[in-house]
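In the text below, chain A, chain B and the rest are named by the order of the sequence lines, each starting its count at 1. Note that the structure is a prediction, hence the values are computed from the model and not measured. Because only heavy atoms are used, hydrogens play no part in the values below, and waters and symmetry mates are left out as well, while side chains stay in.
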Amino acid sequence: MDSIYFHDTMQGKKVEFEPRIPNEMSMYVCGLTTSNDSHIGHARTAIVFDVIRRIFRKNGYKVKYISNFTDIDDKIIQKAQEENSTAQEVAERYMHRYIDVIQKMHISEPDMYPKVTDHIPQIIEAVEKLIKNGFAYESSGDVYFRVRKSEEYGKLSKKKLDELISGARILPGEKKEDPLDFALWKEAKPGEPFWESPWGNGRPGWHIECSVMALKYLGNHFDIHGGGQDLIFPHHENEIAQAEGITCAKPFCRYWIHTGWVTLDKVKMSKSIGYVFRIKDALKHYHPNVLRYFFLATLYSSPLEFNVEAIERAGKNVEKIATSLRRFRDVKLKILLKSPLMKGNSWNSFLVYSNEYHYHLRDNFNTPAAFGTIHVTLRELNRVLDDIESLTSTTMKKIESYLEDFFETLGFVDIEDTTFVLDTSDITNALRDVVVSFDIELPDGVLSLDDLVNRLIQKRTEARKNKDFALSDEIRDQLLKHQIVLEDSQGKTTYRLEKQ
RNA sequence: GGCGACAUAGCCAAGUGGUAAGGCAAGGGUCUGCAAAAUCCUCAUCGACGGUUCGAAUCCGUCUGUCGCCUCCA
């Protein structure tokens, strides 16, 4: 089995992945706090870890991938109070909206989405263990983690305790021994949701749930812990301190992978300043395959600027790919009809590309480099398709298996059928008049865009046969005005929708 | 203030010691009734300065610039 290499945040360098259990990979990724609609930054993280899982599977690993929902926290409670509803209602609403939007993006989901509120007993048990082990203390209804007791605190974020002090502070109402300490359990204020505990009614702190759920579902020393870069400190640092305090064993996990953030106007999107672009809004304008290409066209760990130009560029790339694949599909049908199984080895170069492709993915999940290989491969494919005579069904099947593998590994669904205009109702309406203007008779009832365009193509084909190029060009121009591009190739006219 | 990341062509973006992948845009050729698509060709010495090395975009130092973390955040 070929090795997989990637950048581990803890070691601060690219390392060779060595699994806890041979041929198995366990991964925990911090998920959403369900206090609001998810934004494209969440989508990036979900796609990245989806693809990482796919790459491991392609390389023969059995993968277990867990991602949580934090369904109780201050923001959720606050929102519930504002809406005069309950924290549970708010949390479930955004949880369902997230899942809905993730499915629409064709992002394959984790094996499980554990929720904090389903794990309160385990969390309480973990806090008790931390108290017993001397890592935590109760303080009038709250429980805090004793950061200075954790000798290696700061090892992930490369921070030194003394440097943190200036930033640390004690909020009103907190009863900490040390400003660095953080809450494991918070006493409920009047009107807030709560669970009973040995320290009174309250709720879990912000970081303990991930330690508890990761340990519960993946066990100690699991392989990969992932999340956004902004979670490194304090969230992941705290997770390590908690988990290693609970188990009294190191390491909590073997590797850390962090995704870069998505920026708007060069600035990181942030809940606190409300500057976000929601996934559901992105889906109104762009096909999931275009968004997936956009996210994977940059290395997962780099910052990524989200803007219209960048997405349009991704769209152009997907269109280029889709065009080649559609042409491949057409030629394949012809070849299968025409040629018997026989010799054919022009797929050999595709084997070389395939190896190069998977090499890139094993090397720090380098999807941008893999796209580079895809483009080179498709250029070769286009050349091959120009010479139909040399093709055999064996060759076509072989090539097809490589192509399918390429796009499956990156999680594209039916990339050759990607549409670039999501809402065609206006175009369809306008087209009816165009059809009529060319004296084409229409039946009553609703006609699809496809139906209307095909009637125009038919009319134009007749005109071309009669060498009436004026009429032919007029039809083409009229269609172009409505974002429909005609292409004549190999005696057949096809059309595609073009973004405005 | 402390800590850290990044800086590659008009734009986006790989590449971390051996002489710059890929895409978009642009220009030119082939194909086409004309287009489109496709294909071929052209298009950078890697922020600045200094150092290490036979050799550096890649390592070290200084500077400049951008961004981030230190408070909730994927």
ask   = Over how many whole Å does the gap from D230(A) atom CG to C67(B) atom P extend?
value = 17 Å
ask   = When the C1' atoms of A9(B) and C24(B) are considered, how many whole Å apart are they?
value = 12 Å
note = Using Watson-Crick geometry (N1-N3 plus N6-O4 or O6-N4) or G-U wobble (N1-O2, O6-N3), each under 3.5 Å, G1(B) is paired with C70(B)
remark   = Assert: residue with more 5' nearest nucleotide on RNA chain B, out of R327(A) and K158(A), is K158(A)
task = Taking only Lys NZ, Arg NE, NH1 and NH2, and the carboxylate oxygens of Asp or Glu, determine whether K334(A) and D330(A) approach each other closer than 4.0 Å.
result = no
inquiry  = Rounding to an integer number of angstrom, what distance separates C12(B) and C70(B) when you compare their P atoms?
reply    = 27 Å
task = Give the rounded distance in Å between these two atoms: CG of D488(A) and P of A35(B).
result = 12 Å
message = Any side-chain N or O of K316(A) below 4.0 angstrom from OP1/OP2 of C12(B)?
response = no
task = Output yes when a side-chain donor or acceptor of T9(A) lies under 3.5 Å from a complementary backbone atom of W256(A), and no otherwise.
result = yes
message = In whole Å, measure the gap between the C1' atoms of C63(B) and A7(B) for me.
response = 13 Å
ask   = When rounded to the nearest Å, what value does the distance between P atoms of G51(B) and C67(B) take?
value = 32 Å
request  = Return no unless some side-chain N or O of R326(A) is found under 4.0 Å from OP1 or OP2 of A37(B).
outcome  = no
message = What I want to find out is whether D178(A) reaches K149(A) closely enough, with some N-O distance under 4.0 Å, to be called a salt bridge.
response = no
key: Gap between atoms CZ and P, on R460(A) and G33(B) respectively (whole Å)   = 12 Å
key: Pair assignment for U30(B), Watson-Crick or G-U wobble, requiring both distances under 3.5 Å   = A38(B)
inquiry  = Let's see if you can work this out: which of U39(B), C70(B), A74(B) has an atom nearest to the side-chain heavy atoms of P234(A)?
reply    = C70(B)
message = Rounding to an integer number of Å, can you tell me how far L378(A) CG sits from A37(B) C1'?
response = 14 Å
request  = Any strand is fair game: report the nucleotide pairing with A7(B) by Watson-Crick or G-U wobble, both distances under 3.5 Å, or none.
outcome  = U64(B)
request  = May I ask you to decide whether R97(A) forms a salt bridge with D100(A), counting only side-chain N to carboxylate O separations under 4.0 Å?
outcome  = no
task = Tell whether K159(A) reaches the base of C3(B) with its side chain through a donor-acceptor pair below 3.5 angstrom.
result = no
query = Which whole number of Å gives the distance between the C1' atom of A57(B) and that of G47(B)?
reply = 11 Å
inquiry  = If you only use heavy atoms from C-beta on, which nucleotide in A36(B), A74(B), G33(B) is closest to the side chain of W261(A)?
reply    = A74(B)
ask   = Looking at K320(A), does any N or O in its side chain come under 4.0 Å of the phosphate oxygens OP1/OP2 on C24(B)?
value = yes
query = Aromatic rings H106(A) and H287(A): how do their planes relate, parallel, tilted or perpendicular, breaks at 30° and 60°?
reply = perpendicular
ask   = Using the P atom in both, what is the distance from A14(B) to A21(B), to the nearest Å?
value = 15 Å
task = State whether D74(A) and R203(A) are salt-bridged, where the test is any N-O pair (Lys NZ or Arg NE/NH1/NH2 against Asp/Glu carboxylate O) under 4.0 Å.
result = yes
remark   = Here the distance between atom P of G22(B) and atom CZ of F294(A), to the nearest Å, is 22 Å
remark   = Partner of A56(B) under the Watson-Crick or G-U wobble criteria, both distances under 3.5 Å, comes out as none
remark   = Rounded to whole Å, the CG-C1' distance (D330(A) to A38(B)) equals 14 Å
note = Judged by nearest nucleotide, the residue sitting upstream toward the 5' end of RNA chain B, T259(A) or V376(A), is V376(A)
ask   = For atom C1', what is the distance between G55(B) and U16(B), given to the nearest Å?
value = 15 Å
key: Any donor-acceptor pair under 3.5 Å from S67(A) side chain to V29(A) backbone   = yes
ask   = What's the closest nucleotide to the D473(A) side chain, out of A74(B), C69(B), C34(B)?
value = C34(B)
query = What nucleotide among U39(B), A13(B), C72(B) has an atom nearest to a side-chain atom of R379(A)?
reply = U39(B)
task = Rounded to whole angstrom, note down the C1' distance from G27(B) over to G65(B).
result = 33 Å
ask   = If only atom types and distance count, is the side chain of K176(A) paired as donor or acceptor with the main-chain N or O of D181(A) below 3.5 Å?
value = yes
request  = Using Watson-Crick or G-U wobble geometry with both distances below 3.5 Å, tell me the partner of A20(B), or none.
outcome  = none
key: Set of salt bridge (charged side-chain N to carboxylate O under 4.0 Å, His left out) partners for K499(A), sequence neighbours left out   = none
query = Just how far, in rounded Å, is C1' of U71(B) from CG of L180(A)?
reply = 14 Å
inquiry  = Contact list please: residues 463-472 of chain A against RNA chain B, heavy atoms, distance less than 4.0 Å, in numerical order.
reply    = R464(A), F469(A), S472(A)
query = Does H42(A) make a side-chain N or O approach to OP1 or OP2 of A74(B) shorter than 4.0 Å?
reply = yes
inquiry  = So, OP1 or OP2 of G15(B): does either fall under 4.0 Å of a side-chain N or O from N366(A)?
reply    = yes
request  = Starting at atom CG of L296(A), determine the distance to atom C1' of C12(B), rounded to an integer number of angstrom.
outcome  = 15 Å
key: Sidechain-backbone polar pair: N59(A) side chain, I55(A) backbone, donor-acceptor under 3.5 Å   = yes
